[in-house]
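Here is the naming used below: chain letters follow the sequence lines, and residue numbers restart at 1 for every chain.
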There are 2 protein chains.
Amino acid sequence: MRIGELATSTGVSVRALRYYEEQSLLIPERSGGGQRHYDEKALDRVQLIQTLYAAGLSSRTILDLLPCVDAKVNTPQSRALLNGERDRITRQIDQLVQVRDRLDAVISASESPASGCLHTDADPR
Amino acid sequence: MRIGELATSTGVSVRALRYYEEQSLLIPERSGGGQRHYDEKALDRVQLIQTLYAAGLSSRTILDLLPCVDAKVNTPQSRALLNGERDRITRQIDQLVQVRDRLDAVISASESPASGCLHTDADPR
DNA sequence: CTTGTCCCTCACGTCCACGTCAGGTTTTAG
DNA sequence: CTAAAACCTGACGTGGACGTGAGGGACAAG
């Protein structure tokens with residue numbers, strides 16, 4: 001499949017796919033005229049890349065992680081990398097849960113009837 | 001306290017504190033010569049701002065949220081904002097948990113003894 | 001008064017995952 | 001064969017949260 005089809009079927013932009021190639025995250029074949037040609041595996045690969053980006057990983061980190069996910073390269077370095085990123089994500093989750101709890105507290109306070117409503121529409125004329 | 005002291009005691013840079021003022025997130029008093037003077041509440045405020053930034057909120061969103069946390073302004077708009085951000089954070093947490101699970105799968109596979117260790121140091125000469 | 005340290009205001013630089021435009025080529029439909 | 005659609009390679013723009021000087025005041029210590 002060509003780049004446009006991959007783009008529409010994965011929901012990422014054509015520019016993003018070319019950027020992934022720039023970052024060596026997803027290298028397609030080229031047909032005679034120089035056009036990119038992706039195989040079926042590219043679909044899952046793009047999804048994975050998007051998920052990892054969404055988790056806050058950088059291109060460089062993803063580039064390092066992909067061989068671990070793909071070929072199960074199992075070196076001390078790769079294990080350290082995996083565990084390091086896992087821990088980073090766990091810390092980020094903890095942070096987010098903390099923020100959500102804080103927001104929940106504010107929300108429940110604002111929903112309680114005892115809350116001081118300074119700017120309600122009810123004008124007791 | 002002046003800006004340098006606040007910076008060192010909160011761990012954020014002086015530049016960041018001035019940026020917060022630019023964004024109207026934390027407005028200090030000014031002493032005759034134009035120097036910023038922060039009170040004790042600024043310590044907590046800076047921590048809160050940092051936490052919200054870490055959760056991926058923008059300056060603008062934080063600016064909208066702060067009055068809710070502070071003065072419990074309780075309008076339909078503020079409740080919608082709070083709930084919207086809460087949901088966004090929940091989705092982000094779910095995404096992160098998903099990525100962590102994926103990494104865990106790779107990690108446990110790489111730690112299992114049945115794993116193909118292509119590049120170990122153990123050279124069975 | 002002077003020195004040293006802290007502080008001030010511009011204002012440009014950085015990083016990163018793309019968006020977007022320009023100018024040209026390849027592929028596909030008819 | 002032709003026209004349209006899709007694709008190509010640069011290369012500059014963007015937004016956000018600051019970093020990093022430049023050039024000059026503010027303020028406590030001696």
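In this structure, B:R18 reaches the bases: a heavy-atom distance under 4.0 Å links it to at least one base atom across the strands shown.
A donor-acceptor pair shorter than 3.5 Å can be found between the side chains of A:S59 and A:Y53. Side chain to side chain, B:S13 and B:Y19 fail the donor-acceptor criterion of an N or O pair below 3.5 Å.
Spacing between atom CD of B:E5 and atom C1' of D:dA28 amounts to 15 Å, rounded to whole angstrom units. Note: CD (B:E29) to P (C:dC7) measures 17 Å, nearest angstrom. If you take CD of A:E22 and C1' of C:dC16, they are 11 Å apart, rounded to a whole angstrom. In this entry the distance linking CD of B:E21 with P of C:dC7 reads 14 Å, nearest Å. We find that CG of B:L17 is positioned 10 Å from P of D:dG19, with the value rounded to whole Å. Between B:R30 atom CZ and C:dC8 atom P there is a gap of 6 Å when expressed in whole angstrom units.
Rounding to the nearest 0.5 Å gives a distance of 5.0 Å between CG of B:L96 and CD of A:Q92. Between the CG atom in B:D64 and the CZ atom in B:R60 there is a gap of 4.5 Å [rounded to 0.5 Å].
For the segment residues 33-44 of chain B, the set of residues with a heavy atom within less than 4.0 Å of an atom of DNA chain D comprises B:G33, B:Q35, in numerical order. Using a 4.0 Å cut-off on heavy atoms, none of the residues of residues 49-68 of chain A approach DNA chain D.
Looking at B:E21 and B:R30, a side-chain N of the basic residue comes within less than 4.0 Å of a carboxylate O on the acidic one, giving a salt bridge. Remark: A:R91 does not engage A:D87 in a salt bridge, criterion side-chain N to carboxylate O under 4.0 Å. Using a cutoff of 4.0 Å between basic side-chain nitrogens and carboxylate oxygens, A:R88 and A:E85 are scored as salt-bridged.
The side chain of B:Y19 places no N or O atom within less than 4.0 Å of a non-bridging phosphate oxygen (OP1 or OP2) of D:dC18. Phosphate contact (OP1/OP2 of D:dC8, side-chain N/O of A:R15, threshold under 4.0 Å): absent. Put simply, B:Y20 has a side-chain N or O that comes within less than 4.0 Å of OP1 or OP2 on D:dC18.
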Could you go step by step and tell me if B:D70 and B:R45 meet the salt bridge (Lys or Arg N to Asp or Glu O under 4.0 Å) rule?
CA-CA 10 Å; B:D70 279 351; B:R45 171 62 60 113; 2.4 Å; yes

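Checked by distance alone, A:R2 brings no side-chain donor or acceptor within 3.5 Å of a matching partner on the base of C:dT27.
In the set C:dT9, C:dT27, D:dC18, the nucleotide with an atom closest to the side chain of A:S31 is C:dT27.
B:T90 contributes a side-chain N or O that, together with a main-chain N or O of B:R86, makes up a donor-acceptor pair within less than 3.5 Å. The backbone N or O of A:V46 sits nowhere less than 3.5 Å from a side-chain atom of A:T10 that would complete a donor-acceptor pair. In terms of modelled atom types and a separation under 3.5 Å, the side chain of A:T61 and the main chain of A:L57 share no donor-acceptor contact.
Comparing B:I3 and A:Q23 along DNA chain C, the residue whose closest nucleotide (by nearest heavy atom) sits nearer the 5' end is B:I3.
Counted within 6.0 Å of CD on A:E29, heavy atoms from surrounding residues, nucleotides or ligands total 12 or fewer; the atom is thus considered open.
The overall bend of the helix from C:dC1-D:dG30 to C:dG30-D:dC1, read as the angle between its terminal helix axes built from five base pairs each, is 10° when rounded to 10 degrees.
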